[in-house]
Each structure stands twice: as structure tokens, then as C-alpha cells.
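Chain letters run A, B, ... following the sequence lines, proteins first and then strands; every chain starts at 1.
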Protein chains: 2
Amino acid sequence: MKMNEGVEWALHSCVNLCWVGDTAVPAKRLAAFYELPPAYLNKQMQALVRAGILSSTSGPRGGFRLARRPERITLMDVVTAIEGPEDAFRCSSILADSPVGESGHDYAGSCFISMAMSKAEIAWRRELAATTIADLRDRVAKGFPESVEKIARELAS
Amino acid sequence: MKMNEGVEWALHSCVNLCWVGDTAVPAKRLAAFYELPPAYLNKQMQALVRAGILSSTSGPRGGFRLARRPERITLMDVVTAIEGPEDAFRCSSILADSPVGESGHDYAGSCFISMAMSKAEIAWRRELAATTIADLRDRVAKGFPESVEKIARELAS
DNA sequence: GCGGGTGTACTCGGATACAGGCTGTCCGAGTCTGGGCGG
DNA sequence: CCGCCCAGACTCGGACAGCCTGTATCCGAGTACACCCGC
């Protein structure tokens with residue numbers, strides 16, 4: 001169970017986009033900041049666009065920008081955009097194939113094991129939804145104020 | 001991010017092993033209960049043995065049994081045994097390759113993004129650790145008492 | 001000098017290869033059982 | 001009748017293929033800019 005590496009890239013890039021105001025930043029420059037493969041980061045950004053987290057512009061002076069205020073973007077939004085909406089644990093209803101189960105029945109909501117695993121994932125999602133990109137931005141601004149200007153300059157060049 | 005299917009199999013099998021007392025049940029019979037591939041389930045059971053959750057016996061009348069009381073086995077233990085101890089989100093310290101980072105430094109404990117993701121995973125793990133195999137066993141006993149005897153008989157045959 | 005048209009370069013977006021891990025299978029080592037044999 | 005020995009079968013354990021998702025890349029469609037030409 002390994003999370004898509006794009007989640008980390010997407011989160012870092014979203015926070016970075018907070019510092020450049022409303023100007024669009026191309027994937028190439030976002031990738032250069034962390035020395036990431038530009039085309040692959042572009043693929044991840046596309047997922048964020050489809051999820052309505054970013055908006056994209058083509059052509060010269062184009063690129064990506066935040067589609068809404070950072071206060072309205074949670075970590076949960078970003079994770080879901082990259083990983084998809086499905087839970088990590090998926091009840092395959094093996095009970096349906098057992099002597100004590102009913103064939104063809106969906107046990108995702110009734111099997112105690114599935115319910116316990118779902119409860120844990122909900123706790124995880126709740127925690128992710130409680131933090132926003134703005135929270136991260138503020139922590140960086142408070143903890144490393146000297147970096148902010150440098151990031152903005154690097155992404156603008 | 002999809003969890004190993006063996007986790008579901010292992011959890012079901014652990015609960016089932018609660019009903020047979022201290023007798024060993026071979027992987028072949030555990031697998032037959034859910035019509036699972038026997039050799040592959042055996043592979044997952046091996047992981048539980050390595051984690052000290054089950055004990056195994058070779059030869060006729062051999063098989064797997066719980067290595068300790070179900071009250072002492074949490075869902076977290078089983079998940080860790082199958083999936084490994086690593087977190088789903090792994091900080092790759094991309095900050096170290098950025099203009100504002102220190103090359104070679106490990107940012108797993110200082111990067112705000114990594115910290116936020118870890119906090120969510122801890123909530124998930126805490127929830128998993130709060131439920132034991134005994135809890136699941138009791139819920140089944142309370143909710144489906146007529147199934148218990150049937151399971152025990154099926155696994156003994 | 002000014003406006004319009006065109007060419008160019010830039011960027012996103014999706015289609016296309018490559019790799020690693022999960023899924024599934026097979027065979028060998030070890031062990032317990034059960035029956036046969038000898039005392 | 002009892003105890004020992006041996007053959008057989010059973011089970012775990014690790015080594016070996018196949019597939020599917022994540023990783024990485026490339027090329028085409030669309031667009032905005034900048035330059036050039038004509039008025």
C-alpha cells in the first residue's frame with residue numbers, strides 16, 4: 001500500500017502556487033523547482049485541473065494557477081484528485097462465497113471487518129480534510145519567512 | 001493507493017480461527033471456506049506467522065492457529081504484518097533538491113506537508129489499533145450466532 | 001504612426017512505452033500419523 | 001498383547017512466472033504573443 005508519489009508533488013506545488021498571486025506558472029517551471037520530470041508533473045497537474053483545484057491556460061504566459069482560494073482547498077481534495085475516490089481497503093465480499101454468506105450480496109456495508117476498516121479510513125480522511133493549503137502556506141510563512149520571497153522569485157523567472 | 005487484498009483474507013481467517021479453539025487449521029481449508037486460492041492464502045498466513053500473530057505446524061493435523069489471545073491482536077497488527085510497517089505517504093524530501101532546501105537533509109520530520117500527512121496516518125493507525133480480533137469475534141457472535149457453529153464445523157471437517 | 005495579419009514559440013492534454021509490485025502457482029523440506037512387525 | 005520401526009501422506013515454506021497499476025516520456029492541438037507589412 002504505497003501512495004502515489006504525485007500526491008507529494010501536487011501538495012508542494014499547490015503551496016508554492018500560493019506565493020505567485022494570480023499569475024500562471026507552467027509545469028516546466030514548477031518541476032524545475034524540485035528537479036522533477038516536467039512531463040510527469042504536468043500529468044499530475046492535469047488531474048488537479050479535472051478536480052477543479054487548478055485552472056490551466058495554454059500558450060505563452062500560460063500554465064497553472066489555483067482555481068479557488070487556498071482556504072477552500074483541503075489535503076483531502078488533493079489526495080482524492082490524484083488517488084481517486086476509492087478507499088484503500090475494498091471489501092470484495094468474500095463472505096458471499098462462504099457457506100454462511102448469501103451469494104451475490106454486497107457485504108461492504110454489513111461485514112464487520114469492512115465496517116471497521118472503513119471507520120479507520122474515515123478517521124484518516126477527516127484528518128486530511130481538516131487541513132487546508134492555506135494552513136500549510138501560513139506555517140511556511142511563519143516558520144521560514146525568508147524562503148517565501150525566494151520561492152516567488154524562482155517561480156516567476 | 002490500493003491495499004493488499006491479503007489483508008481482507010487475513011482478517012477474515014483470524015476471526016474464523018477464533019471458533020475452532022486451539023486446533024490447527026491448514027491453509028487449504030481456510031481457503032476453501034471463501035473459495036480462495038489456497039497457495040496464495042498460505043503465503044499471507046506466512047506473513048502473519050513471521051509477525052507472531054499466528055503459529056504454524058507442519059505435517060498431518062498441522063496448520064495455523066492463533067499465537068495469542070484474540071484480545072491481544074489488533075487490526076493494526078494484521079495490516080502491518082501484510083502491508084509492512086511503512087506509511088502509505090512517504091516523504092521523498094524533494095525539498096532537499098529545491099533552492100530553499102538543504103541538499104542531503106531528511107525532511108520527513110520537518111516538512112509541514114510530510115507532518116500533516118503523517119498526522120492523518122497516525123489517526124488511521126490509532127483507529128485500527130483500537131479494534132481487536134476479539135471485538136470482531138464478539139460482534140459476529142452477537143449478530144450472527146447461528147453462523148458460529150457452522151463455521152466451526154466447516155473448518156473442522 | 002497605426003492597425004491587422006501571420007508566423008512562431010510556448011503550453012497543455014492525451015496517447016504511448018517501461019518498470020516494479022501484487023497476484024497466483026509450483027515444488028521441496030520437514031513432520032506427524034498410522035499400520036505392520038517383532039518380541 | 002505391547003512397543004518399536006518404517007513408509008506414506010500431509011503441511012508449511014520459500015522460489016518461480018504473469019499481469020496490472022504507477023512511472024515516465026513523447027508528440028499533437030490550441031493559443032497568445034511579437035513581428036512585419038500595408039495603409
A.B. asks: Counting side-chain heavy atoms from C-beta on, which of D:dT25, C:dC32, C:dC10 comes nearest to A:Ala39?
C.D. replies: D:dT25

A.B. asks: Between C1' on C:dC22 and CG on B:Asn4, what's the gap in Å once rounded to a whole number?
C.D. replies: 6 Å

A.B. asks: Can a donor-acceptor pair be found between the side chains of A:Asp135 and A:Thr132 at a distance below 3.5 Å?
C.D. replies: yes

A.B. asks: Could you check how far CE of A:Met1 sits from P of D:dG22, rounded to whole Å?
C.D. replies: 14 Å

A.B. asks: Send over the distance from B:Arg61 CZ to D:dC12 P, rounded to a whole Å.
C.D. replies: 14 Å

A.B. asks: Would you call A:Asp77 and A:Arg68 a salt bridge, using N to O less than 4.0 angstrom?
C.D. replies: yes

A.B. asks: Measure CD/B:Gln44 against P/C:dG24 and give the value in whole Å, please.
C.D. replies: 9 Å

A.B. asks: So, is B:Tyr40 near the phosphate of C:dT23, with a side-chain N or O under 4.0 Å from OP1 or OP2?
C.D. replies: yes

A.B. asks: Report the residue (A:Thr57 or B:Trp9) whose heavy-atom-nearest nucleotide on DNA chain C is the more 5′ of the two.
C.D. replies: A:Thr57

A.B. asks: Reading DNA chain D from 5' onward, which residue's closest nucleotide shows up sooner: A:Pro38 or A:Ser58?
C.D. replies: A:Pro38

A.B. asks: Using atom CG of B:Leu54 as one end and atom P of D:dT11 as the other, report the distance to the nearest whole Å.
C.D. replies: 16 Å

A.B. asks: Counting only side-chain N and O atoms of B:Ser56, is one of them less than 4.0 Å from OP1 or OP2 of D:dG13?
C.D. replies: yes

A.B. asks: Nearest to the side chain of B:Lys43 - D:dA9, C:dG24, D:dT31?
C.D. replies: C:dG24

A.B. asks: Can you check the B:Glu5 CD to D:dT21 C1' distance for me, whole Å?
C.D. replies: 14 Å

A.B. asks: Atom CE of A:Met3 to atom P of C:dG21: distance rounded to whole Å?
C.D. replies: 18 Å

A.B. asks: Quick test of your reading of the model: are B:Glu154 and B:Lys150 salt-bridged, counting only N-O distances below 4.0 Å?
C.D. replies: no

A.B. asks: Would you say a side-chain N or O of B:Gln46 is under 4.0 Å from OP1 or OP2 of D:dC12?
C.D. replies: no

A.B. asks: Is the distance from OP1 or OP2 of D:dG14 to the nearest side-chain N or O of B:Arg50 less than 4.0 Å?
C.D. replies: yes

A.B. asks: Please classify the nucleic acid contact of A:Ala27 as base, sugar-phosphate, or nothing, using heavy-atom distances under 4.0 Å.
C.D. replies: sugar-phosphate

A.B. asks: Quick check against the 3.5 Å criterion: does A:Arg29 have a side-chain atom that pairs as donor or acceptor with the backbone of A:Leu155?
C.D. replies: yes

A.B. asks: For C:dT23, take OP1 and OP2 only and decide whether either is under 4.0 Å from a side-chain N or O of B:Lys2.
C.D. replies: yes

A.B. asks: Which part of the nucleic acid, if any, lies within contact of A:Lys28, taking any heavy atom under 4.0 Å across all strands shown: a base, the sugar-phosphate backbone alone, or nothing?
C.D. replies: nothing

A.B. asks: Over how many whole Å does the gap from A:Leu41 atom CG to D:dC26 atom P extend?
C.D. replies: 16 Å

A.B. asks: Should B:Glu71 and B:Arg137 count as an ion pair when the cut-off is N to O under 4.0 Å?
C.D. replies: yes

